[in-house]
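Some notes on the structure that comes next.
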Amino acid sequence: MFRIESRDKDTNARAGVLSTEHGDIPTPVFMPVGTGGTVKGILQRDLVEEIDAKIILGNTYHLYLRPGTSIMKSAGGLHKFMSWDLPILTDSGGYQVFSLSPNRKLNDNGALFRSHIDGSEHLFTPENTVDIQRIIGSDIMMVLDECAPYPCDHKYAKKSVALTHHWLDRAVERYRGTDPLWGYNQVLFPIVQGGIFDDLRKISAEKVAGAGMEGNAIGGLSVGEPAEEMYRTIEIVNGILPGDKPRYLMGVGTPVNILEAIGRGVDMFDCVMPTRNGRNGMLFTSEGIINIKNNRWSADFSPIDPAGPSSVSTRYSKAYLRHLIISGEILGSQISSIHNLAFYLSLVRQAREQIVKGNFRTWKESMTRKLSERL
RNA sequence: GGGGAGAUACCAAAGCGGUCAACUGGGGCAGACUGUAAAUCUGCUGGCGAAUGCCUUCGUAGGUUCGAAUCCUGCUCUCCCCA
């Protein structure tokens with residue numbers, strides 16, 4: 001299922017291929033986030049043709065609430081429903097348990113929460129979130145976890161990790177006791193938690209490694225902690241997670257975060273930043289980060305990004321995109337999202353090439369300066 | 001020609017004796033956003049100053065008052081109705 005093709009000699013970076021029945025995924029990989037069965041504002045066609053996405057995300061919480069499992073089942077799963085033939089990974093809803101926290105109650109059994117749509121009460125358990133993901137038919141399912149907030153004291157983090165581990169055992173049991181509904185294999189990734197506490201992260205990484213799943217995830221990071229804390233935590237966890245399985249760093253991050261994590265042995269990433277920030281006017285380009293809403297771009301008719309990760313990057317000018325975004329035009333969101341995602345995907349693809357060529361560290365150092373520059 | 005209404009900051013629009021450098025929208029300027037309740041949210045928006053603050057503003061010229069965007073008079077302009 002996961003084959004490592006090349007290891008970097010200077011860092012812990014590796015280039016591999018993650019195979020699913022919906023296609024092979026060269027790693028490192030960035031996975032566009034498509035929470036509600038859509039990567040906001042982007043046609044499936046463009047995900048393939050402009051962005052070259054190899055896998056996208058869906059979200060159990062959102063799809064469960066709308067359109068609901070009954071429709072998802074009638075549709076024959078999410079792939080068919082949204083007309084997407086490539087792999088899909090679904091988050092379990094663990095993050096929503098955290099981000100929608102005013103509406104939730106956690107106990108041993110699961111997470112009791114109120115729908116943000118109509119206020120109705122629902123219960124997520126380790127078991128039913130696997131069941132729902134069976135119906136959704138994601139190639140990679142995630143266990144239900146609790147993503148602890150930052151800052152968070154050791155006592156709370158410890159309790160949270162214990163709960164997540166308890167849920168992990170139950171999710172794995174349900175996973176092993178059930179079969180896919182749609183005729184192709186599904187795998188389940190457990191999630192390491194533990195805040196920024198090294199002892200908890202070690203315990204959690206050992207627990208997750210012991211589950212023996214096909215891949216493993218690191219959660220609970222990029223929730224507000226300093227980047228250095230995140231990098232240190234990744235190092236500790238990746239020292240324990242099996243090296244022959246893919247490692248997925250959930251919800252990360254900035255282009256620099258991603259390169260740093262790749263250098264520490266992470267293979268998979270997802271983040272709303274390229275799409276959400278793109279819609280809000282933040283563009284990641286080969287020239288640096290720009291806020292397209294700023295007045296200085298109003299008469300700049302140069303391409304959005306001359307390096308052209310996608311066709312929209314060179315076809316449209318900064319001034320035109322600024323006009324669209326400032327006017328609230330839908331096309332502005334679409335162009336920004338396509339460009340940003342193409343930029344992210346292209347960056348990670350380049351990282352892979354550099355790992356294979358054995359030049360990753362040098363390349364990363366020269367890229368990092370450019371990637372953090374704000375124009 | 002007769003009768004009526006009104007002129008407030010970039011625009012629209014509140015305020016109708018002191019708590020007004022002036023509500024609120026819009027526009028403008030900037031910021032935030034990391035497993036998407038986000039095409040969202042926040043701040044600033046007369047001048048100078050880091051700031052207590054100081055200076056100049058509510059069509060215009062006077063006046064009343066301790067004090068006026070708010071009251072009175074003249075002027076200018078705009079809009080509506082009837083001829």
Side-chain angles (χ1 to χ4, degrees), chain A residues 30-42 55-63 65-66 88-104 113-119 129 133 138 140-148 150 164 189-193 217-227 230 248-258 260-261 266 268-284 289-298 321-322 324-337 340-341 344 374:
Chain A
F30 183 84
M31 309 180 281
V33 179
T35 307
T38 164
V39 178
K40 292 186 193 299
I42 304 182
I55 172 172
I56 60 172
L57 256 68
N59 185 278
T60 305
Y61 169 90
H62 291 282
L63 293 169
L65 289 180
R66 200 162 50 189
I88 295 175
L89 179 152
T90 41
D91 182 32
S92 63
Y95 188 77
Q96 280 62 43
V97 168
F98 153 74
S99 67
L100 275 31
S101 57
N103 295 334
R104 62 107 158 96
F113 61 91
R114 289 195 173 277
S115 160
H116 68 278
I117 299 166
D118 62 7
T129 45
Q133 291 177 92
S138 45
I140 302 171
M141 308 186 286
M142 302 301 302
V143 300
L144 184 68
D145 67 332
E146 187 198 0
C147 178
Y150 178 88
T164 292
F189 283 15
I191 304 171
V192 176
Q193 287 290 345
I218 307 168
L221 290 176
S222 66
V223 289
E225 77 285 359
M230 172 167 79
Y248 164 30
L249 179 58
M250 307 183 77
V252 174
T254 66
V256 171
N257 289 161
I258 289 172
E260 291 299 326
V266 174
M268 303 164 68
F269 301 88
D270 78 281
C271 189
V272 302
M273 193 173 275
T275 42
R276 181 196 285 166
N277 290 30
R279 289 195 301 278
N280 295 329
M282 184 176 188
L283 275 291
F284 298 91
I289 296 170
I290 71 184
N291 181 348
I292 201 69
K293 291 194 275 197
N294 288 173
N295 182 261
R296 59 176 297 197
W297 310 113
S298 59
L321 180 58
R322 175 176 193 271
L324 294 177
I325 291 282
I326 290 225
S327 310
E329 290 287 349
I330 296 169
L331 185 59
S333 294
Q334 295 175 310
I335 293 173
S336 298
S337 297
N340 276 351
L341 279 177
Y344 264 64
R374 293 218 171 210

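Values in this document were obtained by computation on a predicted structure and should not be read as measured data. Keep in mind that the numbers below use all heavy atoms, side chains included, and drop hydrogens, waters and symmetry copies. Throughout, a chain's letter reflects where its sequence line sits, starting with A, and its residues are numbered from 1.
Not one N or O on the side chain of A:Arg279 forms a donor-acceptor pair closer than 3.5 Å with the backbone of A:Ser333. Of the possible polar contacts, none joining the A:Asn280 side chain to the A:Asn277 backbone as a donor-acceptor pair under 3.5 Å is found.
Within the 4.0 angstrom heavy-atom criterion, base atoms lie near A:Asp145. Contacts of A:Gln193 with the nucleic acid, taken as non-hydrogen atoms under 4.0 Å apart, include base atoms.
A:Asn59 has no side-chain polar atom (N or O) that falls below the 4.0 Å cut-off from OP1 or OP2 of B:G35. In this model, the phosphate group of B:G31 is approached by a side-chain N or O of A:Asn291 to a distance below 4.0 Å at OP1 or OP2. Residue A:Arg66 has no polar side-chain atom (N or O) positioned under 4.0 Å from OP1 or OP2 of B:U36. In terms of phosphate contacts, A:Gln96 brings no side-chain nitrogen or oxygen within less than 4.0 Å of OP1 or OP2 of B:G35. Taking only side-chain nitrogens and oxygens, A:Thr35 comes nearer than 4.0 Å to OP1 or OP2 of B:U36. Between A:Asn294 and B:G31 there is a side-chain polar atom (N or O) within less than 4.0 angstrom of OP1 or OP2.
Applying the Watson-Crick and G-U wobble criteria (two distances, each under 3.5 Å), B:C58 pairs with nothing in any strand. Pairing of B:G1, defined by two Watson-Crick or G-U wobble distances under 3.5 Å, is identified with B:C82. Remark: B:G43 base-pairs with B:C29; criterion is Watson-Crick or G-U wobble with both hydrogen-bond distances under 3.5 Å. Nucleotide B:A37 forms a pair with no other nucleotide shown, judged by Watson-Crick or G-U wobble geometry with both contacts under 3.5 Å. Pair assignment for B:A9 gives none, since no Watson-Crick or G-U wobble pairing has each distance under 3.5 Å.
Taking only distance into account, the side chain of A:Thr275 meets the base of B:U36 through a donor-acceptor pair shorter than 3.5 Å. Between the base of B:C29 and the side chain of A:Asn295 there is no donor-acceptor pair shorter than 3.5 Å.
A donor-acceptor pair shorter than 3.5 Å cannot be found between the side chains of A:Tyr95 and A:Asn59. Defined by atom type and a distance below 3.5 Å, a donor-acceptor pair is missing between the side-chain atoms of A:Glu146 and A:Thr164.
To the nearest angstrom, P of B:C41 lies 11 Å from NZ of A:Lys293. In this structure, A:Lys40 places its NZ atom 12 Å from P of B:U40, rounding to the nearest Å. The CZ atom of A:Arg276 sits 10 Å away from the C1' atom of B:A37 (whole-angstrom rounding).
Comparing B:C66 with B:G49, their P atoms are spaced 37 Å from each other, to the whole Å.
Considering only the side chain of A:Asn257, B:U34 comes nearest among B:A39, B:U34, B:G35.
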